[in-house]
Trainee: 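First the structure, then my questions, so here it is.
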Amino acid sequence: MASLPAITNNSDIRFLGKLLGDVIRDYGGTALFERVETIRQASVERHRGIGDHGATDMALDRLTLDETLDFTRGFMLFSMLANLAEDRQGIAAEPGADMAAALERLRADGINAAATIALLENALIAPVLTAHPTEVRRKSMIDHRNRIAELMKLRDAGVAITPDGDPVDDAISRQIALLWQTRVLRRERLYVADEVETALSYLRDVFLPTLPALYQRWDRALGQRVPSFLRPGSWIGGDRDGNPYVVAESLRNALGKACEAVLGHYLDAVHLLGAELSISNELASVDAAVTALAEASGDEAVSRADEPYRRALSGVYARLAATHLTLTGKPAPRPGALAGLPYPTPQAFRDDLVAIAQGLARDHGEGLATGGALGRLIRAVETFGFHLATLDMRQNSAVHERVVADLLKAAGVVDDYLALDEDARVALLRRELASPRPLTSPYAQYSDETASEIAILHAAAEGHAAYGPACITNYVVSMAQSVSDLLEVNLLLKEAGLYRPGQGAGTPRHAAIMAVPLFETIGDLEAAPGVMAAYLALPEVAAVAQGRGHQEVMIGYSDSNKDGGYLTSTWSLSRASTALAPVFETAGVAMQLFHGRGGAVGRGG
């Protein structure tokens, strides 16, 4: 194992493989290490077509049960470390699969940077973390892996000692030793809260630091600032299709935990900026806007009297700490010495950062303003807001039918909504959507299913009020087959104030959350263009979609693959995508296509 990476020509894999080999020897014993090394060497020779092809099998047969388990764990950990190294070095990416190479190809085709920027102004790409209650890998494994990645970054930078005073190589070896002694799989059931924590590990440790740095790289490649077109999403805590454990409290927990994580990141970043921007007004001129922020900060420390940027950031930190307390109910992890009013929106926070950046650019050069930590923080606020990742809601259309039927019966509108045909359903739903009258009443008796669904919608409305409308923008309707399937969602959103009918002439309808159909079976994919044509032909739907700027459609792989097989499914997805385009063009609405393939989903448009 210690020498396996030699065939990869990758120094990271060689380094990590050697440390893993040392750990196996130290913690598993020399005998285990030698047996594993014998099998490794025989496997390499077999792969190269040399040596005795039966040597691997013979060596494996000699392993005891305990040694077999240790052997399996060792190679599992090596695969994890090798993947980490490949992710860092970009080995897994195709040659030329980066922004600079893409721009070069575009230039060769006559498409300049200005045209690329214009495209990105209207683009949205959203990698979405989906709910997987069958995930068995423990968060502890992910955390150790992420710590190794951070330590490898220090090693790249030539740092020999960690901030805690440990040699970097020793710290990496310690994390690998902990991995070796950590139970890999869960023994207990995975709950929604566990899924949320796992997703936050990726969002906090990967997306938060990486996306702003990527944007800076893209800015340099294009020679100007790139629009913020890449934003992460999640279904975890909002996807209750087939999962009865996702309830209103799950949604609140997912939104609250995400907010706490992103605000903690911002607080750390502002704290570090305060240490960095030590510019004195005795040695450099300072912009009036920065001076105003400094004066309003309440920072009267004599030691910082001539340092307006630090004083301004003290005020920003105080306001951000107050925001943390307001939105999470907890004090900031590092309490500030000053008091401040909470930021009402992420935009207000960004405005203060931009004022500081503009002051730096005018008085001290563009590099200080956009090329470092301040530029990355501004980009992070644009990308992650106070919500970190946009949470999608999802539920099956059959559930919506039952809930709407329950509400309409309790309100005395119709006794048996489920018995109505499609035309009658659409007519009834449109009448109800045009009325400001709510259907729900605190005095009515509803089924447990109805009460749970209504509670989730009110939790979503609470999220909008607390974290901003970007925290939840879409409601995915699984097994969407008709126009009524989408109107039912709008009617349910209306009960929580998330869909508002127009009140008189000139007052537009508004949907704070979009009903997004998921067409997944072969039949549903074939019917999708007709359903969307009829849906967008409704004046109230067209008005909402045009006001929003687009309508999203999701086409899925999982059920269509079960329904018709891999080739039929892939062909049906392609045909549906092509057939939907003219429908949206005729309606004058931009289409945002949302792909779902085998549990991994993402937007592109």
Side-chain angles (χ1 to χ4, degrees), residues 208-209 212 228 258-388 465-468 470:
L208 265 173
S228 295
C259 176
E260 186 175 348
V262 76
L263 289 180
H265 177 83
Y266 295 158
L267 285 164
D268 287 344
V270 172
H271 175 74
L272 291 174
L273 278 172
E276 177 181 326
L277 296 181
S278 56
I279 297 169
S280 170
N281 57 18
E282 296 176 1
L283 301 173
S285 59
V286 176
D287 186 76
V290 176
T291 300
L293 281 175
E295 293 299 320
S297 70
D299 186 351
E300 304 297 336
V302 176
S303 60
R304 291 187 292 274
D306 66 324
E307 298 174 336
Y309 287 96
R310 279 182 166 168
R311 293 174 60 215
L313 286 165
S314 293
V316 170
Y317 189 94
R319 295 196 66 185
L320 196 58
T323 306
H324 189 284
L325 179 61
T326 299
L327 295 183
T328 72
K330 303 175 184 177
R334 183 190 292 108
L338 305 176
L341 294 174
Y343 284 111
T345 63
Q347 182 62 43
F349 173 40
R350 180 186 179 278
D351 288 345
D352 281 355
L353 296 176
V354 168
I356 293 171
Q358 289 175 342
L360 284 170
R362 277 193 288 266
D363 297 326
H364 313 288
E366 192 70 30
L368 283 177
T370 62
L374 178 56
R376 288 192 295 273
L377 178 56
I378 291 171
R379 182 70 79 170
V381 178
E382 292 176 3
T383 304
F384 304 108
F386 289 163
H387 61 281
L388 183 56
Y467 313 114

Trainee: Going from OH on Tyr317 to CZ on Arg334, what distance comes out if it is rounded to the nearest 0.5 angstrom?
Mentor: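 Nearest 0.5 Å value for the OH-CZ distance: 5.0 Å.
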Trainee: What heavy-atom pair brings Pro308 and Ala294 nearest, and what distance separates the two atoms?
Mentor: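 That closest heavy-atom pairing would be O-CB, 3.4 Å.
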Trainee: Do His387 and Pro346 come within less than 4.5 Å of each other through their side chains, counting heavy atoms only?
Mentor: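 A side-chain contact under 4.5 Å is absent here.
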Trainee: CZ/Arg304 to OG/Ser278 distance, rounded to the nearest 0.5 angstrom?
Mentor: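 These two atoms lie 12.5 Å from each other.
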Trainee: Of Leu377, Ile356, Val316, which meets side-chain contact (heavy atoms from CB on, under 4.5 Å) against Leu273?
Mentor: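 The residue from Leu377, Ile356, Val316 that satisfies side-chain contact (heavy atoms from CB on, under 4.5 Å) with Leu273 turns out to be Leu377.
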Trainee: For a quick test of reading the model, state the closest non-hydrogen atom pair linking Val290 to Gly359 and the distance between them.
Mentor: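 Looks like CG2-CA, 4.1 Å.
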Trainee: For residues Leu320 and Tyr266, report the shortest heavy-atom separation together with the two atoms involved.
Mentor: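 Closest heavy-atom pair between Leu320 and Tyr266: CD2-CB, 3.5 Å.
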Trainee: Which residue in the set Leu338, Leu293, Asp299, Thr291 passes side-chain contact (heavy atoms from CB on, under 4.5 Å) when paired with Arg311?
Mentor: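 For Arg311, the side-chain contact (heavy atoms from CB on, under 4.5 Å) test succeeds with only one of Leu338, Leu293, Asp299, Thr291, which is Asp299.
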Trainee: Output the distance between atom OH (Tyr309) and atom CG (Asn281), rounded to the nearest 0.5 Å.
Mentor: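 If I round to the nearest 0.5 Å, the distance is 10.0 Å.
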Trainee: To check you understand the geometry: which heavy-atom pair defines the closest contact between Pro212 and Arg379, and what is its length?
Mentor: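 It is CA-CG, 4.1 Å.
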Trainee: Side chains of Arg350 and Thr345, heavy atoms from C-beta outward: is any pair under 4.5 Å?
Mentor: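 Side chain of Arg350 against side chain of Thr345, heavy atoms only: no contact under 4.5 Å found.
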Trainee: Considering all heavy atoms of both residues, which atom of Gly340 and which atom of Ala322 are nearest to each other, and what is their separation?
Mentor: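 That would be O-CB, 3.2 Å.
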Trainee: Do Leu283 and Asp306 pass the side chain to side chain contact (heavy atoms under 4.5 Å, CB included) test, and can you show the C-alpha distance, the side-chain angles, and the key distance before you say yes or no?
Mentor: CA-CA 9 Å; Leu283 301 173; Asp306 66 324; over 6 Å; no
Trainee: I need the minimum non-hydrogen distance between Leu388 and Leu208, along with the two atoms involved.
Mentor: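 Result for this residue pair: CD1-CG, 3.8 Å.
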Trainee: Under a 4.5 Å cut-off applied to non-hydrogen side-chain atoms, are Ile279 and Leu360 in contact?
Mentor: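 In short, these two side chains touch, coming nearer than 4.5 Å.
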Trainee: For the CD1 atom of Ile378 and the OG1 atom of Thr383, what is their distance to the nearest 0.5 Å?
Mentor: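 One finds 11.5 Å between CD1 of Ile378 and OG1 of Thr383.
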Trainee: What's the spacing between Phe349 CZ and Arg319 CZ if we round to 0.5 Å?
Mentor: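 Reported to 0.5 Å precision, the distance equals 10.5 Å.
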Trainee: Centroid separation under 6.0 Å, is that true for the rings of Tyr343 and Phe386?
Mentor: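 They do not qualify: ring centres at least 6.0 Å apart.
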Trainee: Quick one: pull up CG in Leu267 and CG in Leu272 and give me the separation to the nearest 0.5 Å.
Mentor: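 Separation between the atoms: 11.0 Å.
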